[in-house]
Engineer: 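One structure, pasted below without further comment.
Both counts, for ligands and for their atoms, begin at 1 and track the order of listing. When reading the values below, keep in mind they use all heavy atoms of this one structure, side chains included, and skip hydrogens, waters and symmetry mates. One-based numbering along the sequence shown.
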Amino acid sequence: MLIKNKVILVTGACGRIGTSIVEEFINNGNFLILMDQNEERLCKLSKNYSKENHLIYQGDIVNKNDLDNCIQKSFKSFGRIDAAVHAAYPKSIGWGTRFEDLKIENLSEDLKNHLGGAIIMSQRIIKFFLEQGYGQLIHISSIQGVSSPKFEHYENTNMISPIEYSAIKSGIISLVKYLAKYYKKKNIRVNCVSPGGILNNQPKNFLRKYNEECNSKGMLEGKDLNGLLAFLISDSSKLITGQNIIIDDGWSL
Ligand SMILES: NC(=O)c1ccc[n+]([C@@H]2O[C@H](COP(=O)([O-])OP(=O)(O)OC[C@H]3O[C@@H](n4cnc5c(N)ncnc54)[C@H](O)[C@@H]3O)[C@@H](O)[C@H]2O)c1
């Protein structure tokens with residue numbers, strides 16, 4: 001791995017992508033702060049690692065106080081935070097509703113928590129990075145923020161790709177460009193990774209159509225993002241900021 005001895009805050013640490021980041025980055029000699037709202041899963045995940053190389057923080061990424069407390073606690077424990085990867089995925093109870101049936105209440109909650117949460121999380125961590133004098137922030141968008149969904153893949157399944165997901169993920173790419181430029185000359189870089197779908201027991205007919213669009217593997221696993229994330233955190237990417245990097249095995253071509 002390109003990086004070692006880095007202190008990295010991961011939000012959504014108990015998710016599919018979060019757990020892969022935590023595992024590979026800790027196992028390669030980095031120090032991880034695991035933030036998630038799910039206390040039970042945090043405690044379970046924490047048991048896999050020694051106390052010296054990680055810290056867990058149960059909190060809500062939409063809550064300014066939770067974010068500030070997490071950042072302060074991390075700073076107390078490790079003396080710095082080199083990078084933050086925002087991989088939390090807030091979803092309302094109505095998440096996954098068809099466009100025709102969307103309700104404004106659920107829509108508002110998802111826009112507030114997912115897009116608003118990404119903005120507030122950026123505000124809190126960049127405030128800390130400015131005090132510290134440097135830092136790397138990485139957001140996770142999606143292929144759905146770059147391309148319109150391939151609706152034909154969803155035929156004969158009960159899956160949908162929500163319209164608000166596309167809007168939120170495009171919004172995240174926008175806020176990354178905004179922030180990278182807003183903090184120009186402050187020794188802070190902000191970048192975005194847009195992964196293809198992650199394997200999660202999707203129906204076979206969906207997977208077959210999806211994989212046909214790809215170059216080699218098709219649907220990804222969480223761990224497939226780690227090389228790119230390490231590159232973006234490392235000095236090898238020091239001239240890359242405000243970018244959205246697609247990692248989708250060619251799906252969006
Ligand atoms: N899974 C995919 O196919 C896929 C593909 C492309 C991009 N992404 C993006 O990657 C990111 C991570 O996705 P994932 O599949 O790992 O998600 P996941 O649902 O597996 O995990 C998300 C984690 O975020 C936590 N979380 C949710 N709301 C929170 C909040 N308010 N405060 C703190 N923690 C909260 C959950 O407890 C969970 O542990 C998301 O931004 C998602 O949109 C996912």
Engineer: How is the hydrophobic cluster of Tyr154 composed, in terms of its other members, when Ile, Leu, Val, Met, Phe, Trp and Tyr link through side-chain heavy atoms under 4.5 Å apart, directly or indirectly?
Structural biologist: Ile143, Val146, Met159, Ile173, Leu199, Phe206, Leu207, Tyr210, Met219, Ile246, Trp251
Engineer: Report yes if Arg16 has an N/O atom closer than 3.5 Å to an N/O atom of ligand 1; otherwise report no.
Structural biologist: yes
Engineer: Using a strict cut-off of 4.0 Å, indicate which atoms of ligand 1 neighbour a heavy atom of Asp60.
Structural biologist: 30 (C), 31 (N), 32 (N)
Engineer: Identify the closest protein heavy atom to atom 24 (O) of ligand 1: which residue and atom is it, and at what distance?
Structural biologist: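 Protein heavy atom with the smallest distance to atom 24 (O) of ligand 1: Tyr89 N, 3.3 Å.
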Engineer: Starting from atom 4 (C) of ligand 1, locate the nearest protein heavy atom and write down its residue, its atom name and how far away it is, to 0.1 Å.
Structural biologist: Ile198 CG1, 3.7 Å
Engineer: Starting from atom 39 (O) of ligand 1, which protein heavy atom do you reach first, and at what distance in Å?
Structural biologist: Asp36 OD2, 2.6 Å
Engineer: Does this structure show an ion pair linking Lys127 with Glu131, if we count only N-O contacts that are shorter than 4.0 Å?
Structural biologist: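 Yes, charged N to carboxylate O under 4.0 Å.
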Engineer: Which bit of Lys91 is near ligand 1, meaning a heavy atom under 4.0 Å away: side chain, backbone, both or neither?
Structural biologist: side chain
Engineer: Please list the nearest protein heavy atom to atom 32 (N) of ligand 1 with its residue and the distance rounded to 0.1 Å.
Structural biologist: Ile61 N, 2.9 Å
Engineer: May I ask you to list the atoms of ligand 1 that are less than 4.0 angstrom from any heavy atom of Pro90?
Structural biologist: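 Those atoms are 27 (C), 28 (N).
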Engineer: Ion pair present between Asp101 and Arg98, side-chain N to carboxylate O less than 4.0 angstrom?
Structural biologist: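 Yes, this pair counts.
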Engineer: Apply the test side-chain contact (heavy atoms from CB on, under 4.5 Å) to residues Ser74 and Ile71: give CA-CA distance (whole Å), side-chain angles for both, the deciding distance (0.1 Å), then the verdict.
Structural biologist: CA-CA 5 Å; Ser74 308; Ile71 291 167; 5.5 Å; no
Engineer: Compute the shortest N/O to N/O distance between Ile17 and ligand 1 and return yes if it is under 3.5 Å, no if not.
Structural biologist: yes
Engineer: At less than 4.0 angstrom from any non-hydrogen atom of Cys14, what atoms of ligand 1 do you find?
Structural biologist: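 Answer, ordered by atom number: 39 (O).
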Engineer: Check if Thr11 has a non-hydrogen atom at a distance under 4.0 Å from any atom of ligand 1.
Structural biologist: no
Engineer: Determine whether any heavy atom of Ser194 lies closer than 4.0 Å to an atom of ligand 1.
Structural biologist: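 So Ser194 does not count as touching ligand 1.
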Engineer: Of the non-hydrogen atoms in Ile247 and Leu225, which two are nearest, and what is the gap between them?
Structural biologist: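 Closest pair (atom of Ile247, atom of Leu225, distance): CD1-CA, 4.3 Å.
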Engineer: Answer with yes or no whether Gly117 contacts ligand 1, where contact means a heavy atom under 4.0 Å from a ligand atom.
Structural biologist: no
Engineer: Do the charged groups of Arg80 and Asp82 touch, with an N to O distance under 4.0 Å?
Structural biologist: yes
Engineer: If the threshold is 4.0 Å, N to carboxylate O, is there a salt bridge linking Glu24 and Lys223?
Structural biologist: no
Engineer: Give a yes/no verdict on whether any heavy atom in Ser141 is under 4.0 Å from an atom of ligand 1.
Structural biologist: yes
Engineer: Going by the atom numbers of ligand 1, which of them fall below 4.0 Å from some non-hydrogen atom of Gly59?
Structural biologist: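 Under 4.0 Å from Gly59, ligand 1 has these atoms: 32 (N), 33 (C).
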Engineer: For residues Cys192 and Val176, report the shortest heavy-atom separation together with the two atoms involved.
Structural biologist: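 The answer is CB-CG2, 3.8 Å.
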Engineer: Within the structure, is a non-hydrogen atom of Ala13 found at a distance of less than 4.0 Å from ligand 1?
Structural biologist: no
Engineer: Salt bridge between Arg41 and Asp36, side-chain N to carboxylate O under 4.0 Å?
Structural biologist: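 No, Arg41 and Asp36 are not salt-bridged.
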Engineer: So which atom in Ala230 and which in Phe25 form the shortest heavy-atom distance, rounded to 0.1 Å?
Structural biologist: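 Distance-wise, the nearest heavy atoms are N-CZ, 3.8 Å.
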Engineer: Identify the closest protein heavy atom to atom 11 (C) of ligand 1: which residue and atom is it, and at what distance?
Structural biologist: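 The protein heavy atom lying closest is Ala87 O, 3.7 Å.
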Engineer: Classify the contact between Lys169 and ligand 1 as side chain, backbone, both or neither, using a heavy-atom distance cut-off of under 4.0 Å.
Structural biologist: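 It is the side chain that gets close, since no backbone atom is under 4.0 Å.
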Engineer: Considering both backbone and side-chain atoms of Gly18, is one of its nitrogen or oxygen atoms within less than 3.5 Å of a nitrogen or oxygen in ligand 1?
Structural biologist: no
Engineer: Report yes or no: do Ser237 and Arg189 form a side-chain donor-acceptor pair below 3.5 Å?
Structural biologist: yes
Engineer: Can you tell me which residue and heavy atom of the protein come closest to atom 34 (N) of ligand 1, and the distance to 0.1 Å?
Structural biologist: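 The closest one turns out to be Gln37 N, 3.2 Å.
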